[in-house]
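Values below: all heavy atoms of this structure, side chains included; hydrogens, waters and symmetry mates excluded. Proteins get letters first, then strands, A, B, ... in listed order; numbering begins at 1 in each. Given the structure is predicted, the values throughout are model-derived calculations rather than measurements.
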Amino acid sequence: MSDLFDLPKTYDFKSVEQRLYAWWESQGYFAPRSDPQHRPFVMSMPPPNVTGELHLGHAMFVSMEDLMTRHSRMRGVPTLWLPGTDHAGIATQLQVEKDLLRTEEVTREEIGREAFVERTWAWKRKYGGIITEQLRRLGASCDWSRERFTLDEGLSRAVREAFVRLYEKGLIYRGTYLINWSPGLRTAVSDLEVEYSEEEVTLYYFKYLLKGSDEFIPVATARPETILGDTAVAVHPEDERFASLVGKTAIVPILAREIPVIADEYVDREFGTGALKITPGHDPADYEIGRRHNLPVINVLRKDATMSEAAGPYAGMDRFECRKRMWADMQAAGLTIRTEPYRTQIPRSQRGGEIIEPMVSTQWFVRIKPLAEPALEVVRDGRLRIIPEHFAKVYANWLENIRDWCISRQLWWGHRIPAWHCSACGKITVARQDPDRCAHCGSTEIEQDPDVLDTWFSSGLWPFSTLGWPDDTPDLRAFYPTTIMETGYDILFFWVARMVMMGLEFTGRLPFDTVYLHGLIRDEQGRKMSKTLANVIDPLEVMDEFGADALRLTLLTGSSPGNDMNLSVPRVQANRNFANKVWNAGRLVIRAVQRAPAERDPSTALTLSDRWILARRVQLLRNVDRLFQGFQYGEAGRQIYEFFWGEFADWYLEAAKLQAAESPGRALRSVEIQVRVLDTCLRLLHPYTPFVTEELWGRLRDACLAHQAGLAPPEGWSEALIVASWPQAGSEADDEESIRRFELLREIIRTIRNARAEKQIDPGHRIGAIVGAGHENSWLQEQAPLLSAFARLDPEALVLRERIDAPPAGSLPLTAGGIEIYLIQAGAVDVHEEGERVSRQLQAVEAQIERLESLLAGPFATRAPAEIVAAERKKLEQAREEAARLRIQRDALRGEAS
RNA sequence: GGGCGGUUAGCUCAGUUGGUUAGAGCGUUGCGUUGACAUCGCAAAGGUCGUAGGUUCGAGUCCUAUACCGCCCACCA
């Protein structure tokens, strides 16, 4: 008999995952079916860094996007999920630099730009496949034939086109402004790449001596080295303390430079000393004040953040060293007042965490307001939907206060800025094709700008550049705009907003009409995962241990849109168990198919359990449909899980075992229903757990096709589950009555099981029962075999009646859903103890009756909707019946006791 | 300083049109293993949904205030 089991009793994901993935891919299932009739479903994958390694963030987006993709594909919609990788300028360059230093002990400067870029390409060719390989392990059903890389030829052309267009429109300009400078990386970074952390620093109070006088103005600063770049001291125009000093001249310590004392409303009289030193070269606020007052800008820092020549005696010194020395020298000169600890926001690099220095520098910028306006409008008028909705506010808030975007980076790895400087006329030539002469004066003495573009500039074009833009390609026509953008909320500004702006600007259309934002994955205590905390969970290890399906299911059902998720490994394990449960339920059904009789008996009607599971199936389909429409994938997954395990496996399959023994006609009927429901579940689960469902579904199909009766679900079989159709509920009416009855039956069985457990009745001991079921008696009679099997009753000693006149002596009285049950041969009954128990039960029911009575006597009865009131009335009725039964039971026990 | 999110069982989380004895997984306790599954089965204990008000016939679910935690944005030296 065991020969029928050619399936291992434990789901072995290791032998399944790789094989199935390769098969899906080779069959071309990931590519969109071409169907001009249907509007396709299109999603661009957020491109992971080409040198990256899989982390849970990737696992999250892959799981979510693959779910959407598989669902859409099964619905018969042409579906394209377009993958790719990002060149990730800074991250990749750093990695290659590090590698160079480690292996050859040379810096990038030593080998030169051209060689370094070539080395980086080599690195990309060597390691760029790792991340995509890892995405495959998760089951990502994206169309690899369309895979793109932000630095490949087509995308580079798109970037260039975009740059030139913006430049020609005057939306890109080059200028000298205060920017965020990253000394370690020696490049400018955008505002978004600077993070502020509150830290304890020192606030230094010192004297600004006034020229030709003993007087001084007290000033405070956290960065004494910037004193060297001061070009004014400012006070509030209405500050009486300093009113007489405005217009006088102050002397910069050490350098003895003369600077004016000015008045500006920006100064806060209450803060610090009430006087502010102005360093336009190294502070954003000072920069603005400097502009208002036409102050000179002095740059005291070099690119590596050592002090520049302007710092006089401190030139060449590290800025923090300078800070100390400067203060010491000022102390010696009697210019210091005091120091105090001070908490303030320190700007740090998002990458690496080094302190960012505001610095004046010549950079390229995008004039962002004209782009931001339309991007705001689409959210305001609802054309762009953001899920969850509250992020729309965050999005709008950011765009409303946005400032010009510094897009040039002093890096080597990236899209070179298509601008040439002419040494003859000094003008700039920006062109789609590399020019050989200056567009203004015709000189051939031109040189390309050394900078590259911010990586996010090319990312912003992703939804259309990947489809062939700026060319009018068939893909662009067929698949743009895309349908949905799924990504983490942490890159809403970095990426999503910029895609919207660029999409509207360059294509005149929204690049997608829905943005779905998932939350971040944290550790079990809700902390961010980081190497220093050593709390990083490696998705690859998790998949090795529990399988890709288990990880996916955990990420998908454990989260809700926009909310962070604390991942716990035990939960992954629980979902591994679920995959195994699915596997074993599948084995059971497959075996049932293999053993099922071949002859149909048309006279075989459906049993209660049949009708129940079919009705519940329809309800489930409706719920899942509704939830999917509302992007409630987590809740949908949980409902499928509960249905599969808690109803189909625990109850229906157990009932089916009984039916198999009844008659051949009944057995076949039951198998058909098992196949139908299992098939539906596998289809519904496939977007969550693609591997186990595909593997099982194929085997189920083969077993069914091998059967003489030709078993098949109404949807029919197809060559693979991944391309099978999504199940539909149809228009059948809900069979509520079957559901109600079976649930009552379950309640009765549970009540008996509980009593047996409490009374420690040997599970093998079949006991008798007398059931008084009132008007439920007629249908319940038919369920006697099921009842006795499930509750382990002696079928000979199970009596079902409408009414029981007198509780049998020595029996254990129970009630379930208004049905009275007396267990016989349940061992010695302590009539006193049971009397207490029944009394307590009765009290509870009476309390409920009281509550319901007063509820129904109040305004509820007239104000609440009729069906709600009716439901409560019904409950009251049932409670009264229940109370009546309990009273009889109680009185009987009392009678026995006396 | 502004904005947003969270606060539900010991732990991790669900609970979207407000319906009236609140759910899951893990953990805990008890019982159970010869045929789908011990990666299992049958049961049990355990929350009144941060706090205070309000709207409503009715609120975990809406409103206001408040506490705590977290996040985002912001040029007070």
Side-chain angles (χ1 to χ4, degrees), chain A residues 1-2 5 7 9-11 178 196 203 219-223 226 234 266-268 270-273 275-279 283-289 342 344-345 358 388 390-391 393-394 397-398 401 489-490 492-493 519-520 524-526 546 550 554 557-560 562-568 570-571 573-592 627 630 632 634-635 638 641-642 646 649-650 653-654 657 750 753-758 760-764 792 844 847-848 851-852 855 858-865 867-869 871-872 875:
Chain A
M1 208 159 278
S2 61
F5 277 90
L7 273 66
K9 60 191 281 190
T10 302
Y11 169 54
L178 192 75
Y196 292 84
L203 193 58
V219 180
T221 181
R223 295 183 295 160
T226 64
Y266 171 80
V267 180
D268 182 347
E270 310 299 318
F271 190 87
T273 64
L276 179 61
K277 62 186 272 311
I278 306 297
T279 322
D283 183 277
D286 293 6
Y287 184 73
E288 286 305 313
I289 294 170
Y342 178 59
T344 190
Q345 304 278 325
H390 71 259
F391 277 107
K393 248 189 249 175
V394 179
N397 204 316
W398 185 72
N401 301 302
Y489 67 76
D490 54 327
L492 180 62
F493 305 145
L520 274 35
E524 276 158 89
Q525 279 101 49
F546 301 115
T554 306
T557 58
S559 63
S560 52
N563 288 321
D564 292 352
M565 171 187 184
N566 301 351
L567 184 78
S568 72
R571 191 146 187 163
Q573 185 172 1
N575 284 323
R576 185 273 315 263
N577 294 354
F578 176 71
N580 194 58
K581 186 74 184 180
V582 172
W583 180 257
N584 275 291
R587 283 173 76 214
L588 178 65
V589 173
I590 288 167
R591 186 177 67 157
L627 290 166
Q632 305 257 82
E635 179 61 17
R638 287 184 290 271
Y641 179 113
E642 290 298 321
D650 285 352
L653 289 181
E654 292 305 319
K657 287 176 187 170
R750 282 206 197 94
R753 282 174 176 172
N754 287 354
R756 292 182 62 119
E758 265 167 43
Q760 311 234 326
I761 298 168
D762 176 9
R792 303 195 73 82
Q848 193 197 0
R851 213 192 71 241
L852 287 168
L855 179 69
F860 170 81
T862 50
R863 302 257 195 133
E867 69 259 32
I868 304 288
V869 177
E872 295 306 308
K875 270 187 208 162

- [ ] Using a 4.0 Å heavy-atom cut-off across all strands, classify A:Gln345 as base, sugar-phosphate, or nothing.
- [x] base

Task: Listed nucleotide nearest any side-chain atom of A:Ala757, set B:C76, B:U21, B:A43 - done: B:A43

- [ ] Using atom CG of A:Leu492 as one end and atom P of B:C71 as the other, report the distance to the nearest whole Å.
- [x] 18 Å

- [ ] For B:G5, take OP1 and OP2 only and decide whether either is under 4.0 Å from a side-chain N or O of A:Asn563.
- [x] no

Open item on the list: Tell me whether the side-chain N/O atoms of A:Tyr342 come closer than 4.0 Å to OP1 or OP2 in B:A77.
Closed with: yes

Task: Span that lies between the C1' atom of B:C13 and that of B:U7, in whole angstrom - done: 13 Å

Task: Closest-nucleotide 5' rank along RNA chain B - winner of A:Glu642 and A:Lys657 - done: A:Glu642

Open item on the list: Check the phosphate of B:A14 against A:Ser560, side-chain N and O only, distance under 4.0 Å to OP1 or OP2. Yes or no?
Closed with: yes

- [ ] Write down the partner of B:G5 under the Watson-Crick or G-U wobble criteria, each distance required to be under 3.5 Å.
- [x] B:C69

Task: Integer-rounded Å distance: B:G41 C1' and A:Arg756 CZ - done: 14 Å

Task: Residue whose nearest RNA chain B nucleotide is more 5′ - A:Arg753 or A:Glu654 - done: A:Glu654

Open item on the list: Tell me whether the rings of A:Trp583 and A:Tyr11 are parallel (<30°), tilted (30 to 60°) or perpendicular (>60°).
Closed with: tilted

TODO: Determine the contact category for A:Thr10: base if any of its heavy atoms lies under 4.0 Å from a base atom, sugar-phosphate if only primed atoms, P, OP1 or OP2 are that close, otherwise nothing.
DONE: base

Open item on the list: Going by purine N1 to pyrimidine N3 plus the second Watson-Crick contact, or the G-U wobble pair, all under 3.5 Å, which nucleotide sits opposite B:C42?
Closed with: B:G30

Open item on the list: I want to check one thing: is the phosphate of B:A44, taken as OP1 and OP2, less than 4.0 Å away from some side-chain N or O of A:Asn754?
Closed with: yes

- [ ] Select base, sugar-phosphate, or nothing to describe what A:Ala585 touches, counting heavy atoms under 4.0 Å on all strands.
- [x] base

Open item on the list: Taking only side-chain N and O atoms of A:Arg576, does any of them lie within less than 4.0 angstrom of OP1 or OP2 on B:U39?
Closed with: no

Task: Touch class at under 4.0 angstrom, heavy-atom based, for A:Arg223 against every strand present - done: nothing

Open item on the list: Please evaluate residues A:Asp286 and A:Thr226 with respect to the criterion side chain to side chain contact (heavy atoms under 4.5 Å, CB included), reporting the C-alpha separation (whole Å), side-chain torsions for both, the decisive distance (0.1 Å), and the verdict.
Closed with: CA-CA 11 Å; A:Asp286 293 6; A:Thr226 64; over 6 Å; no

- [ ] Classify the nucleic acid contact of A:Pro865 as base, sugar-phosphate or nothing, counting any heavy atom under 4.0 Å across all strands shown.
- [x] base

Open item on the list: Would you say A:Lys581 places a side-chain N or O within less than 4.0 Å of OP1 or OP2 belonging to B:C37?
Closed with: no

- [ ] Establish whether the base of B:C76 is bridged to the side chain of A:Tyr266 by a donor-acceptor pair shorter than 3.5 Å.
- [x] no

TODO: Using the C1' atom as the reference point in each nucleotide, state the distance between B:U56 and B:A74 in Å, no decimals.
DONE: 40 Å

Task: Proximal nucleotide (of B:C76, B:A36, B:C31) relative to the A:Phe271 side chain - done: B:C76

- [ ] Using Watson-Crick or G-U wobble geometry with both distances below 3.5 Å, tell me the partner of B:C62, or none.
- [x] B:G54

Task: Nucleotide nearest A:Lys9 (side chain, heavy atoms from C-beta), chosen from B:A38, B:U39, B:C76 - done: B:A38

TODO: Return no unless some side-chain N or O of A:Arg571 is found under 4.0 Å from OP1 or OP2 of B:C13.
DONE: no

Open item on the list: Please tell me if A:Lys393 has a side-chain N or O lying less than 4.0 Å from either OP1 or OP2 of B:C4.
Closed with: yes

- [ ] Look at all strands and tell whether A:Thr344 reaches a base, only sugar-phosphate, or nothing, counting heavy atoms closer than 4.0 Å.
- [x] sugar-phosphate

